[in-house]
Amino acid sequence: MTTYLLVHGAWHNGQCWERVAPLLASAGHRVVAPSLTGHGDKAHLLTREVGLDTHVDDIVGLIIEEDLTEVVLVGHSYAGLVISAAANQVPDRIADLVYLDAMVPEDGESAADVMPVTQALIDLAAKSDPGWRVPPPPEMPPPSGLFGVTDPADTAWLRTLLSDQSVRCLQQPVRLDNPAVNTIPRTHIHCVVGVPEGFARRPVPAVQPNGAPARVWELATGHDCMITMPVELADLLLKLG
């Protein structure tokens with residue numbers, strides 16, 4: 001039995017995985033899909049002090065508290081930073097790092113460094129009344145839609161999951177100073193439909209940090225593939241179980 005720890009991206013919460021989690025569980029695996037501090041059932045905890053470090057602590061704390069081992073740690077979007085920093089702290093508990101259409105940072109980088117378009121969101125937050133809340137981006141015309149979701153029913157459901165993000169999450173640098181993290185296999189899953197202008201991802205190096213050939217898979221859908229292609233995403237994740 002593999003443990004899949006699914007970490008949502010910015011503005012989302014753990015409910016976004018509800019179409020994928022049962023598919024992994026029905027294959028006999030354990031699935032954990034928490035909401036990060038400030039989101040979902042923890043939305044009331046959102047303050048200006050919530051940052052990347054808070055979310056890393058959420059995941060590391062969960063792994064240790066639940067004594068999770070051989071974890072396939074999946075990070076969507078912004079959570080690529082979260083899973084990288086979490087693995088830096090508990091590398092011996094991680095079997096695979098999965099970057100799901102995610103930011104892939106180097107040591108000392110913030111979200112704004114990995115994806116410079118994020119700086120525009122930081123600037124907007126600074127001009128807002130509280131000065132630290134970043135609201136979800138607006139829906140765009142298809143095929144970009146709302147985080148790549150264009151079906152009206154799915155879009156309406158997704159809106160119920162979204163909430164503001166603390167700007168500190170986008171500003172704090174990730175710490176990757178444990179050489180052991182480089183031994184963990186990596187998998188990259190790219191969503192290739194409806195990528196908005198300015199959101200181009202970095203090329204994946206041909207060789208992983210552990211020396212193995214890069215493993216890059218693609219899904220012909222928008223950014224929130226856990227909503228638009230849950231079966232196909234689960235099939236890919238099951239290859240790692």
Under a 3.5 Å distance rule, please check whether [X] uses its side chain to pair with a backbone N or O of [Y] as donor and acceptor.
{"X": "S84", "Y": "G80", "result": "yes"}
{"X": "D224", "Y": "M226", "result": "no"}
{"X": "H55", "Y": "V50", "result": "no"}
{"X": "R48", "Y": "G131", "result": "no"}
{"X": "Q165", "Y": "W11", "result": "yes"}
{"X": "D67", "Y": "I64", "result": "no"}
{"X": "N88", "Y": "D177", "result": "yes"}
{"X": "S144", "Y": "G194", "result": "yes"}
{"X": "N13", "Y": "L161", "result": "yes"}

Are the side chains of [X] and [Y] in touch, meaning some heavy atoms are under 4.5 Å apart?
{"X": "P213", "Y": "Q208", "result": "no"}
{"X": "I59", "Y": "L5", "result": "yes"}
{"X": "H188", "Y": "E218", "result": "no"}
{"X": "L73", "Y": "Y99", "result": "no"}
{"X": "D164", "Y": "P136", "result": "yes"}
{"X": "V32", "Y": "L6", "result": "no"}
{"X": "H190", "Y": "L219", "result": "no"}

Contact summary for [X] and [Y], nearest pair of heavy atoms:
{"X": "C225", "Y": "L233", "answer": "SG-CD2, 3.9 Å"}
{"X": "S163", "Y": "G38", "answer": "OG-O, 3.9 Å"}
{"X": "P138", "Y": "L146", "answer": "C-CD1, 4.3 Å"}

For D57 and T54, does a side-chain donor sit closer than 3.5 Å to a side-chain acceptor?
no

Tell me which one of I189, I83, V7 satisfies side chain to side chain contact (heavy atoms under 4.5 Å, CB included) with L100.
I189

Step by step, work out the salt bridge (charged side-chain N to carboxylate O under 4.0 Å, His left out) result for D101 and R201.
CA-CA 8 Å; D101 219 33; R201 65 181 65 84; 2.4 Å; yes

Below 4.0 angstrom, N of the basic side chain to O of the carboxylate: do [X] and [Y] qualify?
{"X": "D58", "Y": "K42", "result": "no"}
{"X": "R19", "Y": "D154", "result": "yes"}
{"X": "E70", "Y": "R93", "result": "no"}

Might you work through the side chain to side chain donor-acceptor pair (under 3.5 Å) test for N210 and T183, ending with a clear yes or no?
CA-CA 5 Å; N210 67 358; T183 67; over 6 Å; no

Centroid separation under 6.0 Å, is that true for the rings of H12 and H39?
no

